[in-house]
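Notes for the one structure printed next.
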Amino acid sequence: MSERVVTRFAPSPTGYLHIGGARTALFNWLYAKANGGKMLLRIEDTDRKRSSADAIDAILDGLRWLGLEWDGEPFYQHARAERHGEVVKKLLDKSLAYKCYAKPDELEKMRESAHAEGRSAVYDGMWRDRDPSDAPAGVDPVIRFKAPNEGETVIDDQVQGTVTVANKDLDDLIISRSDGSPTYNLAVVVDDHDMGVTHAIRGADHLTNASRQAQIYNALEWQVPIFAHVPLIHGPDGAKLSKRHGALGVEAYRALGYLPAALRNYLARLGWSHGDDEIFTTAQMIEWFDLPGIGRSPSRFDFDKLSNLNAQYIKNSGDEELAGLTRALIPELDKTQLPPNVDDEVCWQKLALAMPGLKERAKTLVDILDNGRFVFVSRPLEMDEKAGKLLDDEALRTLGALLESLETLDDWKIDTIEQAVRGFAEMANLKLGKVAQPLRAVLTGGTTSPGIFDVLLALGKDEAIARIRDQAI
RNA sequence: GCCCCCUUCGUCUAUCGGUUAGGACGCCAGGUUUUCAACCUGGAAAGAGGAGUUCGAUUCUCCUAGGGGGUGCCA
């Protein structure tokens, strides 16, 4: 391919960057990277009423968080209205478009009869060849594209294959509103052309648009870009994605404690495959990504699989890094769920110390925080029900006896701690569990935690001994 | 209604005419074990239905059913 690849991600700023959009962006980004090309970003805000600055920010932030940087400055479609108008005028001058004065009730009638007669095309072309002098006074017309009536329009889609639509099924679509603003299909064609877009990778909901856009390209005698329409993502129940399941904005995934790399990996694997490979680095994704690898059927969003992948990414991340990421997450979280002392530097150091044990049982960064809560709480610890039950007199006496072995430890290292505790259990002729469980209770206030030696290490000698002393007899 | 697209284990998918239909998540059982996880081993689990093409169809074609998308002066 001698032509340089240019892809684009073109969201409309009517809400956050949802998961489907994120995947579309990822595919465009991967394809551009894989081919040494560029991915441009275009904000499709021709409908000013529906667009918002907040939505634009959310989309840009979401892309950055996911690590999908676009090339150059974002394009804003509304800012190109003048150019769109030029093209509309050109079409008008060449008689490839015309003014239409049809009234709403006339349109409604056409809709009804099209439905009744089983026709796909709605607009009947009533102004297509009418003399402009028939125009009613005081009505601002829309401008319609004069679509071919016969033959067929064929799209050679890189994902869907050859898609053929009979031209009689496509009516004359509006390319310019009565207020003079351009509509989507016109703006997309003009912008993709002007931006030099070679590949349009987008959701399959645009498949029918592709046929109409191809007709406009042909009328303008511009080259039609290569299309790739990616099947949509559905919710776990197969229905359209709703907020209840996957249709969260990507910032919600961040708040849920997912790592960008894991989400990228999951999204890449959802609808695209490279043999049996499940886990790949971003570099591998770029190396392997191609359009034929994209499947043709819609897929469902599966949180379990995402979580599993996220767990693996967490397991392979550094302890300090994870502590930092978890700390950075604090502002995103529900205040009532936070552990105490989250501003205490020492607690975060302890969390990093506890990380080897925490990260192997965490699916998300939120799990790390939840399971690492014991490093944050202040003495004296509250015992939960199970912990309280466990701490009978016998257990408390055992802990009292254990204190000596720990206090005499000079070197508070994981293996010396283990030696001390195991040694004590052996000496006391107790199974390790008889010592570990009560110990876990007094150190964490509960009955589940990372390995008990890890807990002792993370807490530090002074704090650990103090917590034991608080309860032991 | 009409147009377009899709259909392999519950889910994501491999297979590109000949396989005991493979992998991953989840699930079940066992192992390991200081709790919970993690981990290890094993297991159940799929070609929507019907025609055709072919020596041979999951794979190619058609029909049906089901699902999705579109059908806007939204994108």
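Chain A is the first sequence line, chain B the second, and so forth, proteins listed ahead of strands; every chain is numbered from 1. Only this structure's heavy atoms are used, side chains among them; waters, hydrogens and symmetry mates stay out. This is a predicted model, so every value here is computed, not measured.
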Distance-only donor-acceptor check, side chains A/Asp370 and A/Gln337, under 3.5 Å = no
message = How would you summarise protein contacts on nucleotides 70-75 of chain B per nucleotide, using B for base, S for sugar-phosphate only and - for none, with heavy-atom distances below 4.0 Å?
response = SSBBSB
request  = Over 60° means perpendicular and under 30° means parallel, so classify the ring planes of A/Tyr258 and A/Tyr253, tilted if in between.
outcome  = tilted
request  = For B/C60 and B/U15, measure between their C1' atoms and round to the nearest Å.
outcome  = 15 Å
inquiry  = Counting only heavy atoms and a strict 4.0 angstrom limit, can you tell me which residues of residues 429-439 of chain A come near RNA chain B?
reply    = A/Leu432, A/Gly433, A/Ala436, A/Gln437
note = Comparing A/Ala116 with A/Val165, nearest RNA chain B nucleotide closer to 5' gives the residue A/Ala116
key: A/Arg42, A/Arg8, A/Arg80 screened by salt bridge (charged side-chain N to carboxylate O under 4.0 Å, His left out) with A/Asp194, the one that passes   = A/Arg80
Under 3.5 Å, which N/O atoms of the protein pair with N/O atoms of nucleotides 18-27 of chain B?
unit_1: B/G22; atom_1: N2; unit_2: A/Asp276; atom_2: OD1; d: 2.4
unit_1: B/G23; atom_1: N2; unit_2: A/Glu278; atom_2: OE2; d: 2.7
unit_1: B/A24; atom_1: O4'; unit_2: A/Glu278; atom_2: OE2; d: 3.4
unit_1: B/A24; atom_1: N3; unit_2: A/Lys305; atom_2: NZ; d: 3.1
unit_1: B/C25; atom_1: O3'; unit_2: A/Asn308; atom_2: ND2; d: 3.4
unit_1: B/C25; atom_1: O2'; unit_2: A/Lys305; atom_2: N; d: 3.3

request  = Pick out which of A/Arg202, A/Gln158, A/Arg296 makes a side chain to side chain donor-acceptor pair (under 3.5 Å) with A/His229.
outcome  = A/Arg202
task = Output the residues of residues 444-451 of chain A in contact with RNA chain B, where contact means a heavy atom of the residue under 4.0 Å from an atom of the strand; sort by number or write none.
result = A/Thr447, A/Thr448, A/Ser449, A/Pro450, A/Gly451
query = Does B/U8 have a Watson-Crick or wobble partner in any strand here, with both distances under 3.5 angstrom, and which is it?
reply = none
request  = With a 3.5 angstrom cut-off on both distances, give the Watson-Crick or G-U wobble partner of B/C55, or none if there isn't one.
outcome  = B/G18
request  = Could I get the full list of salt bridge (Lys or Arg N to Asp or Glu O under 4.0 Å) partners for A/Asp470, not counting sequence neighbours?
outcome  = A/Arg379
inquiry  = Whether A/Arg144 engages the ring of A/Tyr123 as a cation-pi pair (distance to the six-membered ring centre under 6.0 angstrom, angle to the ring normal within 45°) should be assessed.
reply    = yes
Each nucleotide N or O in nucleotides 59-61 of chain B that has a protein N or O under 3.5 Å away: list the pair and distance.
none

query = Using atom C1' of each nucleotide, how far apart are B/A29 and B/G69 to the nearest Å?
reply = 43 Å
task = Look at the side chain of A/Gln160 and decide which nucleotide, out of B/U34, B/A37, B/C6, has an atom nearest to it.
result = B/C6
